[in-house]
Chemist: 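This is the structure I have questions about; it appears just below.
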Amino acid sequence: KDEIHIEGLEVFAHHGVYLQETREGQTFYVNAILYTDIRRAGERDDLESTVDYGAVCRFITDWMHENTCLLLEAVAERMADALLLKYCRVSALGLEIEKPFAPVKLPFRKISVKVHRGWHRAYVALGSNLGDREKYISDAVEAMRAHPKMRVKRVSDLIVTKPYGGVEQGDFLNGALEMETLLNPEELLEAL
């Protein structure tokens, strides 16, 4: 993927563990690498075909002003999610939050938290052999479509298969779906 870089975006905000930090605020610097495909924008010289880095800078600034977190880790994690959900052309990002005036009381050059997040592809098996099998599967697919961190791309046809394992039971209705998700494998299993 191509990259759009934002380096040293200065934002005055109210994040920190100590009351003084959240009450009085301080300066933060945000660095971001947005992974996207800029070929069409480059060929057409068209802003609508790319990610508007000015709009991204305003979004980051507004997000930092409107939210308050105790930890830099929470700022980075939550902002990464917000950016990936807002800008559908961004497939992944690297995000660093610098806190140049962290209350460490020792000399330091830089304190920051950096995360790398992005959409990744997952395949989910679907199946039921109890009750209204088709409705259970349909409801499950709709629940995944409604989840903000899941984008259902394709759903297979459903097929009927015989049970196995020696236990008497009804036929299975099976299928699969393809999705993009921001959830890691453990989070995805928990959400499913």
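In what follows, every heavy atom counts, from backbone to side chain, and hydrogens, waters and symmetry copies are set aside. Every value quoted in this text rests on a predicted model; they were computed, and no experiment measured them.
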Chemist: Are any non-hydrogen side-chain atoms of Leu34 and Tyr87 less than 4.5 angstrom apart?
Modeler: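 When only atoms from C-beta onward are counted, Tyr87 and Leu34 do not touch, as no gap falls below 4.5 Å.
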Chemist: Could you tell me the separation between the NZ atom of Lys99 and the OG1 atom of Thr27, rounded to the nearest 0.5 Å?
Modeler: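 Reported value, rounded in 0.5 Å steps: 12.0 Å.
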Chemist: To the nearest 0.5 Å, tell me how far Leu126 CG sits from Arg133 CZ.
Modeler: 13.5 Å
Chemist: Say you draw a straight line from OG1 of Thr22 to NE2 of His14; how long is it, rounded to the nearest 0.5 Å?
Modeler: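 It is 8.0 Å, given to the nearest 0.5 Å.
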Chemist: When you look at CD of Glu24, are more than 12 heavy atoms from neighbouring residues, nucleotides or ligands closer to it than 6.0 Å?
Modeler: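 Above 12, so yes.
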Chemist: Within a radius of less than 6.0 Å around OH of Tyr18, do more than 12 heavy atoms belonging to other residues, nucleotides or ligands occur?
Modeler: no
Chemist: Keeping Thr36 on the side-chain end and Arg89 on the backbone end, is there a donor-acceptor pair under 3.5 Å?
Modeler: yes
Chemist: Hydrophobic clustering (ILVMFWY, side-chain heavy atoms < 4.5 Å, transitive) - are Leu93 and Ile6 grouped together?
Modeler: yes
Chemist: Applying side-chain contact (heavy atoms from CB on, under 4.5 Å), can you list everything that pairs with Leu183, at least two apart in sequence or on another chain?
Modeler: His147, Lys149, Met150, Thr181, Glu187, Leu188, Ala191
Chemist: Donor-acceptor pair, distance only, cut-off 3.5 Å: does the side chain of Thr61 make one with the backbone of Val11?
Modeler: no
Chemist: Supply the atom-to-atom distance Cys69 SG to Met64 CE, rounded to the nearest 0.5 angstrom.
Modeler: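 With rounding to 0.5 Å, SG (Cys69) is 8.5 Å from CE (Met64).
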Chemist: Is any NZ, NE, NH1 or NH2 atom of the basic residue among Asp171 and Lys162 found under 4.0 Å from an Asp or Glu carboxylate oxygen of the other?
Modeler: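 Salt bridge between Asp171 and Lys162, a charged N being under 4.0 Å from a carboxylate O: yes.
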Chemist: Not counting sequence neighbours, which residues clear side-chain contact (heavy atoms from CB on, under 4.5 Å) with Ile33? List them please.
Modeler: Glu3, His5, Tyr35
Chemist: Taking only residues two or more places apart in sequence or in another chain, which ones pass side-chain contact (heavy atoms from CB on, under 4.5 Å) with Leu130?
Modeler: none
Chemist: For Ala140, which residues count as a side-chain contact (heavy atoms from CB on, under 4.5 Å) partner, sequence neighbours excluded?
Modeler: Met144
Chemist: Kindly work out whether a path of hydrophobic side-chain contacts (I/L/V/M/F/W/Y, heavy atoms less than 4.5 Å apart) joins Leu70 to Ile97.
Modeler: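 Each belongs to a different hydrophobic cluster.
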Chemist: Can you give me the closest heavy-atom contact between Ala80 and Val115, atom names plus distance?
Modeler: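 Taking every non-hydrogen atom into account, CB-CG2, 4.2 Å.
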Chemist: Could you tell me if the side chain of Asn31 sits less than 4.5 Å from the side chain of Glu98, heavy atoms only?
Modeler: yes
Chemist: Flag yes if more than 12 heavy atoms outside Arg23 fall under 6.0 Å of its CZ atom; otherwise flag no.
Modeler: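 Result for CZ/Arg23: enclosed.
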Chemist: Please name the pair of heavy atoms, one in Ala76 and one in Val113, separated by the smallest distance, quoted to 0.1 Å.
Modeler: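 Taking every non-hydrogen atom into account, CB-CG1, 4.1 Å.
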Chemist: Should we say atom OH of Tyr53 is surrounded by more than 12 heavy atoms from elsewhere, each under 6.0 Å from it?
Modeler: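 At most 12 heavy atoms, drawn from other residues, nucleotides or ligands, come within 6.0 Å of this atom.
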Chemist: How long is the span from the CG atom in Leu83 to the CD1 atom in Ile60, to the nearest 0.5 Å?
Modeler: 5.0 Å
Chemist: Any idea which heavy atoms bring Pro148 and Leu85 closest together, and the distance?
Modeler: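 It is O-CD2, 3.0 Å.
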Chemist: What closest approach, in Å, do Pro163 and Gly170 show between heavy atoms, and which atom pair accounts for it?
Modeler: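 Pro163 and Gly170 have their closest heavy atoms at CG-O, 3.8 Å.
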Chemist: Mind checking what makes side-chain hydrogen bond (donor to acceptor under 3.5 Å, both in side chains) contact with Asp139, not counting sequence neighbours?
Modeler: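 Partners of Asp139 under the side-chain hydrogen bond (donor to acceptor under 3.5 Å, both in side chains) test: Lys135.
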Chemist: In plain terms, say whether Arg40 and Glu43 are close enough for a salt bridge, that is, a side-chain N and a carboxylate O under 4.0 Å apart.
Modeler: no
Chemist: Crowded around Asp46 CG? As in, over 12 foreign heavy atoms under 6.0 Å?
Modeler: yes
Chemist: Can you see which heavy atom on Gly25 is nearest to which on Phe12, and at what distance?
Modeler: C-CZ, 3.4 Å
Chemist: Work out which heavy atom in Ile111 is nearest to a heavy atom in Ala102; give both atom names and the distance.
Modeler: CD1-CB, 3.9 Å
Chemist: Any non-hydrogen side-chain atom of Leu182 less than 4.5 Å from a side-chain atom of Arg117?
Modeler: no
Chemist: Do Ile4 and Val90 have side-chain heavy atoms sitting under 4.5 Å apart?
Modeler: no
Chemist: Below 30° counts as parallel, above 60° as perpendicular, anything between as tilted: where do the rings of Phe28 and His15 land?
Modeler: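 The rings of Phe28 and His15 stand perpendicular, inter-plane angle above 60°.
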Chemist: Look up atom CG in Asn67 and atom CE in Met79, then write down how far apart they are to the nearest 0.5 Å.
Modeler: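 Asn67 atom CG to Met79 atom CE measures 8.5 Å (nearest 0.5 Å).
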Chemist: Excluding sequence neighbours, so at least two apart, what forms ring pair (Phe, Tyr, Trp, His ring centres under 6.0 Å) with Phe172?
Modeler: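 Not a single residue meets the ring pair (Phe, Tyr, Trp, His ring centres under 6.0 Å) criterion with Phe172.
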Chemist: Hey, does the side chain of Glu21 reach the backbone of Val17 with a donor-acceptor pair shorter than 3.5 angstrom?
Modeler: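 Indeed, once roles are kept as given, a pair shorter than 3.5 Å links the two residues.
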Chemist: Here's a test for you: under side chain to side chain donor-acceptor pair (under 3.5 Å), which of Lys153, Arg121, Arg151 qualifies with Glu178?
Modeler: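 Output: one option passes, namely Arg121.
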